Amino acid sequence: MDDLISIIMPSYNTGKYIADSIKSILGQTYGNWELIIVDDCSTDDTDAIVAGFRDARIRYYKNEKNSGAAVSRNRALREAKGRYIAFLDSDDIWRADKLALQLDFMKKNGYAFTYTDYRIQLNGTWLSYVNTGPDRVDKRKLYNYCYFSTITVMYDAEVVGLIQIENLRKHNDYAMWFQAVEKTDCHRLPECLSYYIKHDGSVSSGSKFKLIRHHYILFRKGLHKGPLLSAALTVNNVIHGFIKKYKYKRYLESEEKQDVPV
C-alpha cells in the first residue's frame, strides 16, 4: 500500500489547536501522505506554528483574502497530488493507525468512498459515546442526512474525480459528498479512528435555527434545487437528524471511555 494520500486541511485562527492536528498526522503509521493546509488569512499565530514543522510532506498556502472554508477546500483539492483524499480539520485529530486501516479497508473491499466512526470532545470533555452510521450510504440516504463527519472520510480520486463546490459558508463539506456519491456509494468502517474536538467558536457551533437555515442554503445554492424542493429536503433532513441522534450512537463501557488519544 504505497499510494499517496492527500490530506486536506483548511485553517482559520486555530493556532491553539493546529499543532495537535499536525502531530496526529505525523504520528500516522502510514507514511506516504502529503498534508495540504490552506489558511484563510488567520490573524493569530497559525503561520508561526505551521512553520515550526519541518517536514517536506507539509505544504502551506494562504488565501489572498478571507474567503471561507469552501474556497480553502477547493484550493487544497486542486493542489492535491494523491490518488486518495482524506480530510482533517485544523482542530481535530486521528488515531495513529487511521490512514493505514482505512486504506486497507478500501483496497480489500474495492471501495472508493468510505468513512469511520468518530468520537467528540466538547469543550475539553469526552462524550460517552461513539458516533456511528449506516453501513452503506447511497444518494437517497445522503439526502436524508449527512451521517459522517468530514474528518472520517477518505475517497479514491481516480473514481470520484476532482471535487469543487459552491462557496457555502456552512455545510460545504456536505456538498462535497453529494458530488462523490454521484460516482459511488459510501461505506462505513465500523471503528472509531477519528476524534472531533468541538469547542466554543467551532465552525459547526451556532443556534439550531441558523443551522437549519444553512441546510436550506445547501440545497438551494449548493445543489441548485428549487425553493420548494429545498424546503422539503430541509424538513426531511431535520427529521432524519433526530433519528440519527438516537439510532447511530454506541455508548461506551467504562473502560472504553478512557481510550482516547493523548
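Source: prediction; values computed, not measured.
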**Prompt:** Within the distance-only criterion (no hydrogens, no angle test), does the side chain of Ser72 pair as donor or acceptor with the backbone N or O of Ala70 below 3.5 angstrom?
**Reply:** no
**Prompt:** Applying the 4.5 Å side-chain criterion to the ILVMFWY set and letting contacts propagate, would Tyr17 and Leu35 be lumped into a single cluster?
**Reply:** no
**Message:** Tell me whether Lys16 at atom NZ has more than 12 heavy atoms from other residues, nucleotides or ligands lying less than 6.0 Å away.
**Reply:** no
**Request:** Report yes or no: do Ile165 and Ile8 belong to one cluster of Ile/Leu/Val/Met/Phe/Trp/Tyr joined by side chain heavy-atom distances under 4.5 Å?
**Result:** yes
**Item:** Steps toward side-chain contact (heavy atoms from CB on, under 4.5 Å) verdict (Phe53, Lys23)
**Value:** CA-CA 9 Å; Phe53 289 93; Lys23 287 175 184 176; 4.0 Å; yes
**Prompt:** Taking C-beta and beyond as the side chain, do Leu252 and Arg119 meet within less than 4.5 Å on heavy atoms?
**Reply:** yes
**Cation-pi, Tyr129 ring and Lys249 (6.0 angstrom, 45 degrees)** = yes
**Message:** Do the side chains of Arg59 and Glu34 get close enough for a salt bridge, i.e. N-O under 4.0 angstrom?
**Reply:** yes
**Message:** Can you tell me which residue among Tyr196, Trp177, Phe148 is in a ring-ring contact (aromatic ring centres under 6.0 Å, His included) with Phe87?
**Reply:** Trp177
**Prompt:** Got a salt bridge between Asp91 and Lys198, using NZ or NE/NH1/NH2 to carboxylate O under 4.0 Å?
**Reply:** no
**Prompt:** Say you draw a straight line from OG1 of Thr14 to CD1 of Ile197; how long is it, rounded to the nearest 0.5 Å?
**Reply:** 12.5 Å
**Prompt:** Under the 3.5 angstrom rule, does the side chain of Ser21 hit a backbone N or O of Asp92 as a donor-acceptor pair?
**Reply:** yes
**Message:** Using 0.5 Å steps for rounding, measure from the CG atom of Leu218 to the CD atom of Glu166.
**Reply:** 10.5 Å
**Prompt:** Per the side-chain contact (heavy atoms from CB on, under 4.5 Å) rule, which among Asp3, Ile5, Leu4, Leu99 passes with Asn32?
**Reply:** Leu4
**Prompt:** Mind checking whether Tyr147 and Val181 sit in one hydrophobic cluster, side chains of I, L, V, M, F, W, Y counted as touching below 4.5 Å?
**Reply:** yes
**Prompt:** With a 3.5 Å cut-off and no angle check, do the side chains of Asn13 and Thr43 form a donor-acceptor pair?
**Reply:** yes
**Message:** Please find the pair of heavy atoms, one from Ala157 and one from Gly82, that lie closest to each other, and give the distance.
**Reply:** CB-O, 4.2 Å
**Prompt:** Does the pair Lys221 and Leu168 meet the rule for a side-chain contact (heavy atoms from CB on, under 4.5 Å), with working shown?
**Reply:** CA-CA 8 Å; Lys221 178 182 175 182; Leu168 301 171; 3.9 Å; yes
**Prompt:** Hey, does Met9 have a side-chain heavy atom less than 4.5 Å from the side chain of Ile36?
**Reply:** no
**Message:** I'd like to check Tyr111 versus Phe105 (side-chain heavy atoms, cut-off strictly below 4.5 Å). Are they in contact?
**Reply:** yes
**Request:** Kindly indicate whether the side chain of Leu101, heavy atoms from C-beta on, has any atom under 4.5 Å from the side chain of Arg95.
**Result:** yes
**Message:** Using the rule that Ile, Leu, Val, Met, Phe, Trp and Tyr join whenever any side-chain heavy atoms are under 4.5 Å apart, tell me whether Val153 and Val38 fall into a single cluster.
**Reply:** yes
**Message:** What's the separation between atom OG in Ser194 and atom CG in Leu189, rounded to the nearest 0.5 Å?
**Reply:** 9.0 Å
**Message:** Please find the pair of heavy atoms, one from Leu77 and one from Leu162, that lie closest to each other, and give the distance.
**Reply:** O-CD1, 3.6 Å
**Aromatic contact, Phe242 with Tyr246 (centres under 6.0 Å)** = no
**From CA spacing to verdict: side-chain contact (heavy atoms from CB on, under 4.5 Å), His224, Phe219** = CA-CA 6 Å; His224 308 291; Phe219 295 121; over 6 Å; no
**Asked** Hey, does Thr116 have a side-chain heavy atom less than 4.5 Å from the side chain of Met154?
**Response** no
**Item:** Least distance between heavy atoms, Lys170 atom then His214 atom
**Value:** CD-CD2, 3.5 Å
**Request:** For the residue pair Tyr155 and Phe113, categorise the inter-ring angle as parallel (less than 30°), tilted (30 to 60°) or perpendicular (more than 60°).
**Result:** perpendicular
**Request:** Spell out, yes or no, whether Ile120 and Trp94 are grouped together once hydrophobic residues are joined by side-chain heavy atoms under 4.5 Å, including indirect joins.
**Result:** yes
**Request:** List the atom of Ala80, the atom of Ile85, and the distance in Å for their closest heavy-atom pair.
**Result:** CB-CD1, 3.9 Å
**Asked** Can you find a pair of side-chain heavy atoms, one from Val137 and one from Tyr115, that are under 4.5 Å apart?
**Response** yes
**Item:** Pairing of Lys139 and Asp185 as salt bridge, 4.0 angstrom limit
**Value:** no
**Item:** Minimum side-chain heavy-atom gap Gln121-Leu127 below 4.5 Å
**Value:** no
**Message:** To the nearest 0.5 Å, what is the distance between CD1 on Ile7 and OH on Tyr84?
**Reply:** 14.5 Å
**Asked** Do Tyr143 and Asp138 have a side chain donor and acceptor closer than 3.5 Å?
**Response** no
**Request:** Tell me, with the steps shown, if Lys65 and Asp40 meet side-chain contact (heavy atoms from CB on, under 4.5 Å).
**Result:** CA-CA 7 Å; Lys65 62 179 181 179; Asp40 199 24; over 6 Å; no
**Message:** Measuring from atom CG of Leu211 to atom CZ of Arg213, what distance do you get when rounded to the nearest 0.5 angstrom?
**Reply:** 11.0 Å
**Request:** Mark yes or no for whether Asp39, through its side chain, and Ser42, through its backbone, hold a donor-acceptor pair below 3.5 Å.
**Result:** yes
**Atom of Gln28, atom of Asp97 and distance for their closest heavy-atom approach** = OE1-C, 4.0 Å
**Item:** Candidates Thr114, Thr132, Asp117 - the one meeting side-chain hydrogen bond (donor to acceptor under 3.5 Å, both in side chains) with Arg188
**Value:** Asp117
**Message:** Are Thr29 and Lys98 packed together at the side-chain level, in the sense that at least one heavy-atom pair is separated by less than 4.5 angstrom?
**Reply:** no
**Request:** Could you tell me whether a side-chain N or O of Asn237 sits under 3.5 Å from a main-chain N or O of Leu233, the two making a donor and an acceptor?
**Result:** no
**Prompt:** Looking only at side chains, do Gln164 and Arg78 share a donor and an acceptor under 3.5 Å apart?
**Reply:** yes
**Asked** Looking only at heavy atoms, which two atoms of Ser11 and Thr46 are closest? And how far apart?
**Response** OG-CG2, 4.2 Å
**Prompt:** Roughly how far, to the nearest 0.5 Å, is NZ of Lys107 from CD of Gln102?
**Reply:** 13.0 Å
**Prompt:** Any sub-3.5 Å donor-acceptor pair from Tyr145's side-chain atoms to Ile243's backbone N or O?
**Reply:** no
